[in-house]
Amino acid sequence: MEQNCWVIVMSAKKWTKIEEILDGKKTDETVNIRGWIYRTRSSGNIVFIILRDSTGILQTTVKRGSLPDKEFDDAKKALIESSVELTGSVKKDDRAPGGYEIQVSRFHVVHFAEPFPITKDHSEEFLLDVRHLWLRSQKMTNILRVRSKIFEASHKFLRNHGYIEVQPPIFTTSGSEGGATIFELKYFDKKAYLSQSWQLYAENIIMAVEKAYCIAPSFRAEKSRTPRHVTEFWHLEVEEAWASMREMLTLGEKLISHICKTVAKECKRELTVLGQDPKKLEKITVPFPEITYDQAIQILQKKGHPIEYGKDLGILEERKLVENHDKPLVVTHYPKEIMAFYKKKDPSNPRVTLNFNIIANEMGDEILDGSERESDINEIIKSLKEQGSNPKDFSFYLDSRRYGSVPHSGFGLGLDRVVMWICKLDTIKDAIPFPRTINRIYP
RNA sequence: GCCGUCUUAGCUCAGUCUGGUGGAGCACUCGGCUGUUAACCGAGCGGUCGCCGGUUCAAAUCCGGCAGACGGCGCCA
């Protein structure tokens, strides 16, 4: 009964965020705060409890005699991650981490936590096993904030430029990147597949709305064991009728630049904690340096890196190319034979396609991939047959070339890789809250 | 798909080379401490040494097989 009254009284109170206290806005005031125990230490008749909320961490001191004995005893025995509500006086104190502390006069444990599995010694693998709990860490919280801002900036930018957000299906009947890497599942008594890309739908959608985009998960059953691959990733895709390769490339560069500048401006604190310098991101301005595939091969050979014309650029080549760059690098006009069927041949050089890749500086991996699309239905059917696909499975897609086909272009941006790049993460697994990889689908 | 490494307490690891009663730190429990900084001091709790087989008087340790995980490359965003 007594406890219920306390809850009612507490819930009527105003709650102060830890951030406000650390900013010095509440010094010498009495405040109510609530959160989770981040660290706790006791020494006889004083307990130091570092409390965490969504905005930061703050030391609180609980002294016997300054509050009811039962509350002192509760404070002493509450384990890490217990949830608490407390009242106390804010004091500036250099002995406290962050420079401020609360001297507690009331202490209410909302829930006594069981021993928290994450302690000071842990491996990357273990943290993935308990990812649902590790999300509470300062590192993951900061990443989630930056990630949210990247998504927000992307939506705003594209909408401001007149693109319509159109949601694609996730259940599909055919892939776009070749059959080997697609997830198959039972769809009642039929086979279905998880979407690898919205592109085949997008090329129809633009015949209606002209400028379209989506942000949706894409699924790839690639057995990739690298720090840059997850099987479920968030894909930002843009498709536009009448647009040339050059127009799409320019849009992609502007989008990336806009994301960087927005995050640099609005997530300064998070970036700094994560080890990224916001000033570096502010300097990601358009245009980006640009080379053709042919030039890339020449540069690599000149640097003494063994590669032959016609071989796709791997991570080692891409890293070499962006060495000492402070902006992403654009590579265009890859050989036709290593490109997907829908990429348009360059009329002035049929050996290559009108495509572009954007490689992130420092990280050295592809984040954006785009092209002008092949508009000749016979060329597409020929390419589909060459890659072993049955054109009949792509009938709805081919309709986009049957009824008023127009030149058009588009690109895909790997948002998780953008998060990884901007937050300077060692692995893409930390860029997404619950990563799915070749061996992990839990939690 | 190719190559490499690893598997011992809830977590992080030593111990394996050179076979002989399974260890440390953290976490947790109990005790001590009125200013700690992932506090400290003392005690306690905690194990099918990944699994199966072999060698041996004796295997965490040596040999064979299997499984799982991690890392690098390829494929891709």
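What's counted below: heavy atoms across the whole structure, side chains too, no hydrogens, waters or symmetry copies.
The cationic group of A:Lys77 lies under 6.0 Å from the six-membered ring centre of A:Phe112 and within 45° of the ring axis, placing it in a cation-pi geometry.
Across all strands shown, nothing is found opposite B:G19 as a Watson-Crick or G-U wobble partner with both distances under 3.5 Å. Shown here, B:A27 forms no base pair; nothing in the strands shown gives a Watson-Crick or G-U wobble contact with both key distances under 3.5 Å. For B:G74, there is no paired base (Watson-Crick or G-U wobble, both distances below 3.5 Å). Across every strand in view, B:A69 sits in a pair with B:U5 that passes the Watson-Crick or G-U test at under 3.5 angstrom. The partner of B:G64 is B:C52, by the rule that a Watson-Crick or G-U pair needs both atom distances under 3.5 Å. Under the Watson-Crick or G-U wobble criterion, with both distances below 3.5 Å, B:C40 is paired with B:G32.
Whole-Å rounding puts the A:Met420 CE to B:A77 P distance at 16 Å. Distance A:Ile37 CD1 to B:U36 C1': 15 Å, rounded to the nearest Å. Note: CD1 (A:Ile57) to C1' (B:A38) measures 10 Å, nearest angstrom. One atom, NE2 of A:His122, and another, C1' of B:C13, lie 14 Å apart when rounded to the nearest Å. In this structure, A:Glu318 atom CD and B:A77 atom C1' are separated by 11 Å, rounded to whole Å. Atom pair A:Asp129:CG and B:C11:P shows a separation of 9 Å (rounding to whole Å applied). Atom CD1 of A:Ile50 is separated from atom C1' of B:G35 by 12 Å (rounded to the nearest Å). A straight line from CG of A:Leu194 to P of B:A77 spans 17 Å, rounded to a whole angstrom.
The same atom, C1', is picked in B:C51 and in B:A59; the two are 16 Å apart, to the nearest Å. Across B:U7 and B:A60, the matching P atoms stand 16 Å from one another, rounded to whole Å. Taking the P atoms as reference points, B:C41 lies 15 Å from B:A24, given to the whole Å. B:A77 and B:U61: their C1' atoms are spaced 47 Å apart (whole Å). With C1' as the reference atom, B:A9 and B:G23 are 10 Å apart, rounded to whole Å. Atom name P, nucleotides B:C33 and B:A14: the rounded distance is 38 Å, in whole Å. B:U29 and B:G46 are spaced 11 Å apart, taking the C1' atom of each and rounding to whole Å. The P atoms of B:C11 and B:C28 are separated by 15 Å, rounded to the nearest whole Å.
Within 6.0 Å of the NZ atom in A:Lys280, the count of heavy atoms belonging to other residues, nucleotides or ligands does not exceed 12. For A:Glu114, the CD atom counts as loosely surrounded, since its 6.0 Å shell holds 12 or fewer non-hydrogen atoms of other residues, nucleotides or ligands. At most 12 non-hydrogen atoms from other residues, nucleotides or ligands lie less than 6.0 angstrom from NZ of A:Lys385.
Contacts of A:Glu101 with the nucleic acid, taken as non-hydrogen atoms under 4.0 Å apart, include base atoms. Residue contacts for A:Phe126: at a heavy-atom cut-off of 4.0 Å it reaches the sugar-phosphate backbone alone, with no base atom in range. Counting non-hydrogen atoms under 4.0 angstrom, A:Val47 reaches nothing in the nucleic acid.
Between A:Glu290 and A:Arg246 a salt bridge is recorded (basic side-chain N to carboxylate O distance below 4.0 Å).
Looking only at side-chain heavy atoms (C-beta outward), A:Ile338 and A:Pro335 come within less than 4.5 Å of each other. Counting only heavy atoms from C-beta outward, the side chains of A:Leu194 and A:Arg220 never approach each other to under 4.5 Å. Between A:Glu379 and A:Tyr342, every side-chain heavy-atom pair lies at or beyond the 4.5 Å cut-off.
Note: A:His161 and A:Phe157 meet the aromatic proximity criterion, with ring centroids under 6.0 Å apart. A distance of 6.0 Å or more separates the ring centres of A:Tyr397 and A:Tyr201.
In this structure, A:Pro117 and A:Thr40 both approach RNA chain B, and ranking their closest nucleotides by distance from the 5' end singles out A:Pro117. A residue-by-residue look at A:Ser123 and A:Ala96 shows that A:Ser123 has its nearest nucleotide of RNA chain B further toward the 5' end.
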For every nucleotide of nucleotides 69-75 of chain B, 5' to 3': is a protein heavy atom under 4.0 Å from its base (B), only from its sugar-phosphate (S), or from neither (-)? SBBBBBB
Give the B/S/- string for nucleotides 24-33 of chain B, one per nucleotide from 5' to 3', where a protein heavy atom under 4.0 Å of the base yields B, of only the sugar-phosphate yields S, and otherwise -. -BSSS----B
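Applying side-chain hydrogen bond (donor to acceptor under 3.5 Å, both in side chains) to A:Tyr213 and the options A:Glu240, A:Arg159, A:Glu237 leaves one that passes, A:Arg159.
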